[in-house]
Amino acid sequence: MAIQVYNTLTRKKEEYKPINPHMTGFYVCGPTVYDYFHIGNARPFIVFDVVRRYLIYRGYNVRYVMNLTDVDDKIINRANERGVSSAEISQKYIAAFFEDIQKLGVRPADAYTKATDHITDMITLIERLVENDMAYESGGDVFFNVRNFEDYAKLSGKKLDELQVGSRIAVDERKKSPIDFVLWKAAKPGEPFWESPWGNGRPGWHLECSAMSMKYLGESFDFHAGGLDLIFPHHENEIAQSEGATGKPFVRYWLHNGFLDIKGDKMSKSTGNFFTARDILEKYPATAIRLFFLQKHYRSPIDFSDEVLQSAVTSNERLRLSYQKIVEAAGDVEAISISESDLTEEEKRFYSMLDGVHSEILTAMDDDFNSPLALGKMFDLFRETNRFIDNGLQTAQSRQLVDLARQRIDEYDSVFGVIDRSKAQVGQDKINEVVSTMVELRNAFRKERNFAVADKIRDALADAGLVIEDTPQGAKWRWGA
RNA sequence: GGCGGCGUAGCCAAGUGGUUAAGGCGAAGGUCUGCAAAACCUUUAUUCAUCGGUUCAACUCCGAUCGCCGCCUCCA
């Protein structure tokens with residue numbers, strides 16, 4: 001079964017066929033670094049990283065590139081507000097960006113490309129467009145000549161005559177057509193600028209993505225992803241700039257994630273209706289935040305609420321504790337091969353459940369990365385494995401099977417990253433000794449059936465975030481949620 | 001106005017022309033426990049916004065209605 005992806009360009013699911021069998025090119029629109037990114041911005045970073053991980057899991061050699069847009073009106077405005085340089089602003093928020101995605105468990109891209117490092121590539125691209133009569137200079141600015149690019153609006157499906165041009169932004173009178181967009185902006189006082197054939201200036205918004213994606217992934221590549229709102233104009237204009245210059249199809253599959261809403265409204269910096277990712281990370285574990293996102297399909301809108309996030313925290317705890325239980329139950333198993341004929345009936349059932357879940361998870365993810373369905377199957381796998389363990393592991397084969405389940409879970413979680421392993425180890429420092437002593441004391445009181453004191457110890461530890469569990473193997477402690 | 005999306009249990013959420021409408025959270029009961037915790041078991045949608053239509057058969061396709069949301073030139 002091949003992977004099916006929903007392609008915004010064709011508005012249907014298509015089978016994924018690599019352009020180049022040796023390299024899957026994947027470009028994701030990254031941040032404009034003028035502020036901390038908010039939890040809605042985090043969605044594409046997380047979900048497309050998962051898409052990329054899944055492609056890798058399925059054997060594709062993915063080259064994953066993300067831009068850092070560090071020249072832009074918003075950065076300049078922010079710099080002016082604070083009386084610092086644009087570079088200071090962008091450096092600060094690039095550093096913050098890396099901190100935040102790292103905490104969110106997003107794997108690093110193969111390349112992060114900064115717009116300011118690629119000015120000459122952008123100028124070259126504009127020159128090609130001018131040569132092709134796809135762009136024209138006017139008063140130090142260079143505009144894309146939309147009327148000369150036949151395929152314009154093929155991604156967004158808009159009709160040029162019906163675009164309500166100027167509804168939000170005043171139309172520049174130097175444009176040949178109001179729908180033309182700027183490729184190069186002449187320098188204004190107090191703004192960063194670079195030299196160009198059209199005088200000093202700076203690149204327009206969409207240009208860096210065209211220039212950098214083609215530079216690192218080739219003039220035609222497989223995937224380009226970003227938020228729904230980027231379809232128009234950003235990605236539309238990228239197509240125009242790229243194909244207008246090369247005459248080749250730019251991107252095969254366009255992927256767009258749905259929005260994160262707050263009480264039904266889009267989370268947006270311009271309205272002040274947002275929470276930064278770093279604030280949310282203060283309150284919730286990253287694996288719970290990931291689960292929150294991945295339990296909904298990436299193209300659907302999500303309503304952000306503490307209630308739903310809290311339920312993700314609870315399910316995340318369930319995964320975390322069950323995983324630990326599975327690891328402990330498997331113990332240090334010897335690598336013996338499982339021969340099906342030696343298995344008990346129950347073991348056979350478990351073994352075939354493992355294979356059933358495996359194919360269900362692959363089928364789910366193959367179908368346009370249906371992570372909610374796949375995670376549902378993973379919860380099934382946990383429940384079945386817990387039950388299998390609870391029924392008692394009599395044979396070496398049984399423990400071997402549990403270990404196989406553990407391996408499978410590790411595989412799946414290499415894609416999803418929803419199991420919190422940060423608390424897997426009980427503390428190794430002084431706290432460990434203190435807590436162990438407390439637990440021993442409590443055991444002593446329990447033996448004397450002095451439950452009042454024993455419970456008081458347990459309550460005190462609970463206040464410190466520690467959970468005591470009395471198991472058949474004795475009392476254990478762990479960190480709570 | 002143009003284009004696009006959505007409406008499934010208390011909440012979140014998969015699904016889709018015909019098997020019991022996944023899974024998670026919550027709630028209730030049970031096993032285990034001194035009590036808990038964790039885990040497991042059972043229960044929790046005769047029904048998929050509403051109304052029509054197509055069909056042997058629709059939650060799934062078509063139409064209408066209501067409600068919600070996004071984009072329409074620098075927002076993920």
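Residue numbers begin at 1 in each chain, while the letters A, B, ... track the order of the sequences.
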*Asks:* Between atom OH in A/Tyr34 and atom C1' in B/C74, what is the gap in whole Å?
*Replies:*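 Distance, rounded to whole Å: 11 Å.
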*Asks:* To the nearest angstrom, how far is A/His206 atom NE2 from B/C75 atom C1'?
*Replies:* 12 Å
*Asks:* Please state whether the base of B/C71 and the side chain of A/Lys158 form at least one donor-acceptor pair under 3.5 Å?
*Replies:* yes
*Asks:* Can a side chain N or O of A/Asn386 be found less than 4.0 Å away from OP1 or OP2 on B/A39?
*Replies:* no
*Asks:* What distance, rounded to whole Å, do you find between the two C1' atoms, one in B/C12 and one in B/U20?
*Replies:*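 B/C12 and B/U20 have their C1' atoms separated by 23 Å.
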*Asks:* Using the test ring pair (Phe, Tyr, Trp, His ring centres under 6.0 Å), find all partners of A/Tyr284 that sit at least two apart in sequence or belong to another chain.
*Replies:* none
*Asks:* Give the rounded distance in Å between these two atoms: CG of A/Asp73 and C1' of B/C75.
*Replies:* 13 Å
*Asks:* I'd like a table of atom pairs between the protein and nucleotides 6-15 of chain B - only N or O on both sides, under 3.5 Å - with the distance next to each one.
*Replies:*
{"residue": "B/A13", "atom": "OP1", "partner": "A/Lys296", "partner atom": "NZ", "Å": "2.0"}
{"residue": "B/A14", "atom": "OP1", "partner": "A/His297", "partner atom": "N", "Å": "2.8"}
{"residue": "B/A14", "atom": "O3'", "partner": "A/Asn370", "partner atom": "ND2", "Å": "3.0"}
{"residue": "B/G15", "atom": "OP1", "partner": "A/Asn370", "partner atom": "ND2", "Å": "2.8"}

*Asks:* So, OP1 or OP2 of B/G24: does either fall under 4.0 Å of a side-chain N or O from A/Arg383?
*Replies:* yes
*Asks:* Kindly indicate whether the side chain of A/Val5, heavy atoms from C-beta on, has any atom under 4.5 Å from the side chain of A/Lys13.
*Replies:*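 When only atoms from C-beta onward are counted, A/Lys13 and A/Val5 do not touch, as no gap falls below 4.5 Å.
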*Asks:* Between B/C59 and B/U46, how far apart are the two C1' atoms, rounded to whole Å?
*Replies:* 13 Å
*Asks:* What does the B/S/- profile of nucleotides 27-36 of chain B look like, 5' to 3', with a 4.0 Å heavy-atom cutoff to protein?
*Replies:* -------BBB
*Asks:* Judged by each residue's nearest nucleotide on RNA chain B, which is more toward the 5′ side, A/Gly376 or A/Glu384?
*Replies:* A/Gly376
*Asks:* As a quick check of understanding, evaluate salt bridge (Lys or Arg N to Asp or Glu O under 4.0 Å) for A/Lys188 and A/Asp73, giving each step before the final call.
*Replies:* CA-CA 11 Å; A/Lys188 295 193 201 103; A/Asp73 287 356; 6.0 Å; no
*Asks:* For A/Val28, report the nucleic acid contact type (base, sugar-phosphate, nothing); a contact means any heavy atom under 4.0 Å.
*Replies:* nothing
*Asks:* So which nucleotide does B/C48 pair with, by the Watson-Crick or G-U wobble rule with both distances under 3.5 Å?
*Replies:*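 Partner of B/C48: none found under 3.5 Å.
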*Asks:* Rounded to the nearest angstrom, tell me the gap between atom NE2 in A/His224 and atom C1' in B/A76.
*Replies:* 12 Å
*Asks:* For the side chain of A/Lys325 and the base of B/C40, is some donor closer than 3.5 Å to an acceptor across the two?
*Replies:*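 No pair found.
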*Asks:* In whole Å, what is the span from the CG atom of A/Leu309 to the P atom of B/G24?
*Replies:* 19 Å
*Asks:* Under 4.0 angstrom, heavy atoms only, what part of the nucleic acid is A/Leu260 near: base, sugar-phosphate, or nothing?
*Replies:*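 Answer is base: heavy atoms of A/Leu260 come under 4.0 Å of a base.
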*Asks:* Any base atoms under 4.0 Å from A/Lys447, or only sugar-phosphate, or nothing? Heavy atoms, all strands.
*Replies:*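 Result for A/Lys447 = nothing.
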*Asks:* Are A/Tyr323 and A/Arg421 close enough that some pair of their side-chain heavy atoms sits under 4.5 Å apart?
*Replies:* yes
*Asks:* Quick check: are there more than 12 heavy atoms from other residues, nucleotides or ligands sitting under 6.0 Å from CD of A/Glu150?
*Replies:* no
*Asks:* Can you see whether A/Phe143 has A/Lys176 sitting over its ring - NZ or CZ less than 6.0 Å from the centre and within 45° of the normal?
*Replies:* no
*Asks:* Send over the distance from A/Phe304 CZ to B/C69 P, rounded to a whole Å.
*Replies:* 19 Å
*Asks:* Going by ring pair (Phe, Tyr, Trp, His ring centres under 6.0 Å), name the residues that satisfy it together with A/Tyr64, two or more places apart in sequence or in a different chain.
*Replies:* A/Phe26
*Asks:* Among B/C74, B/A38, B/G24, find the nucleotide with the atom closest to the side chain of A/Lys185.
*Replies:* B/C74
*Asks:* Taking any heavy-atom pair under 4.0 Å as a contact, classify A/Phe379: base, sugar-phosphate, or nothing.
*Replies:*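 It contacts sugar-phosphate atoms only.
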*Asks:* Look at A/Asp151 together with A/Lys154 and state whether they make a salt bridge at an N to O cut-off of under 4.0 Å.
*Replies:*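 Yes, A/Asp151 and A/Lys154 are salt-bridged.
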*Asks:* Can you check the A/His235 NE2 to B/C3 P distance for me, whole Å?
*Replies:*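 So the two atoms are 23 Å apart, to the nearest Å.
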*Asks:* Might you work through the salt bridge (Lys or Arg N to Asp or Glu O under 4.0 Å) test for A/Asp455 and A/Arg442, ending with a clear yes or no?
*Replies:* CA-CA 8 Å; A/Asp455 288 353; A/Arg442 175 171 169 275; 5.1 Å; no
*Asks:* Which residues within residues 285-292 of chain A lie with some heavy atom under 4.0 Å of an atom in RNA chain B?
*Replies:*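 Listed by number, there are none.
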*Asks:* Taking the side chain of A/Ile179 as its heavy atoms from C-beta onward, which of B/A76, B/G26, B/U73 lies nearest to it?
*Replies:*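 Shortest atom-to-atom distance from the side chain points to B/U73.
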*Asks:* For atom C1', what is the distance between B/G2 and B/C56, given to the nearest Å?
*Replies:* 41 Å
*Asks:* At 4.0 Å (heavy atoms only), tell me whether A/Met378 reaches a base, stays on the sugar-phosphate, or touches nothing.
*Replies:* nothing
*Asks:* Using both distances under 3.5 Å as the test, list the Watson-Crick or G-U wobble partner of B/G23, or none.
*Replies:*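 With both distances under 3.5 Å, B/G23 matches B/C12.
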*Asks:* Would you mind telling me which residue lines up with the more 5' stretch of RNA chain B, A/Val467 or A/Lys377, judged by nearest nucleotide?
*Replies:* A/Lys377
*Asks:* Go through the steps to decide whether A/Glu346 and A/Asn391 satisfy the test side-chain hydrogen bond (donor to acceptor under 3.5 Å, both in side chains), and finish with yes or no.
*Replies:* CA-CA 10 Å; A/Glu346 200 193 345; A/Asn391 287 345; 3.0 Å; yes
*Asks:* B/C11 and B/A27: how far apart are their C1' atoms, nearest whole angstrom?
*Replies:* 11 Å
*Asks:* Touch check for A/Asp229, heavy atoms < 4.0 angstrom, all strands: base, sugar-phosphate only, or nothing?
*Replies:* base
*Asks:* Identify the nucleotide, in any strand shown, that forms a Watson-Crick or G-U wobble pair with B/G17, with both distances under 3.5 Å; if there is none, say none.
*Replies:* none
*Asks:* What are the two closest non-hydrogen atoms of A/Leu125 and A/Ser210, and how far apart are they?
*Replies:*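 Closest approach of A/Leu125 to A/Ser210, heavy atoms only: CD2-CB, 3.7 Å.
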*Asks:* Taking the C1' atom in each of B/U43 and B/A9, what is the distance between them to the nearest angstrom?
*Replies:* 13 Å
*Asks:* Give A/Gly40 one of three labels, base, sugar-phosphate or nothing, depending on what nucleic acid heavy atoms sit under 4.0 Å from its own.
*Replies:* base
*Asks:* Looking at A/Lys283 and A/Asp306, is any side-chain nitrogen of the basic one under 4.0 Å from a carboxylate oxygen of the acidic one?
*Replies:* yes
*Asks:* Using purine N1 to pyrimidine N3 plus N6-O4 or O6-N4 for Watson-Crick, or N1-O2 and O6-N3 for G-U wobble, each under 3.5 Å, what pairs with B/C66?
*Replies:* B/G7
*Asks:* Provide the Watson-Crick or G-U wobble partner of B/C61, both distances under 3.5 Å; none if there is no partner.
*Replies:* B/G53
*Asks:* Work out which heavy atom in A/Ile39 is nearest to a heavy atom in A/Ile289; give both atom names and the distance.
*Replies:* CD1-CG2, 3.9 Å
*Asks:* Please state the C1' separation for the pair B/U73 and B/C3 - nearest whole angstrom.
*Replies:* 15 Å
*Asks:* Between B/C74, B/U73, B/C25, which nucleotide has the shortest distance from any of its atoms to the side chain of A/Lys74?
*Replies:* B/C74
*Asks:* Please give the distance between the C1' atoms of B/U50 and B/U8 as a whole number of Å.
*Replies:* 15 Å
*Asks:* Whether A/Lys74 engages the ring of A/Tyr34 as a cation-pi pair (distance to the six-membered ring centre under 6.0 angstrom, angle to the ring normal within 45°) should be assessed.
*Replies:* yes
*Asks:* For the CZ atom on A/Phe193, are there more than 12 heavy atoms of other groups (residues, nucleotides or ligands in this structure) within a distance under 6.0 Å?
*Replies:* no
*Asks:* Measure from CZ on A/Phe382 to P on B/A22 and round the result to the nearest Å.
*Replies:*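 Rounded to whole Å, this separation is 22 Å.
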*Asks:* Rounding to the closest angstrom, what is the interatomic distance between B/U19 and B/U42 at atom C1'?
*Replies:* 23 Å
*Asks:* Hunt down the Watson-Crick or G-U wobble partner of B/A39, both distances under 3.5 Å, from any strand shown, or write none.
*Replies:*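 Partner of B/A39: B/U31.
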*Asks:* In chain order, what residues pass the side chain to side chain donor-acceptor pair (under 3.5 Å) check against A/Lys296, with sequence neighbours excluded?
*Replies:* none
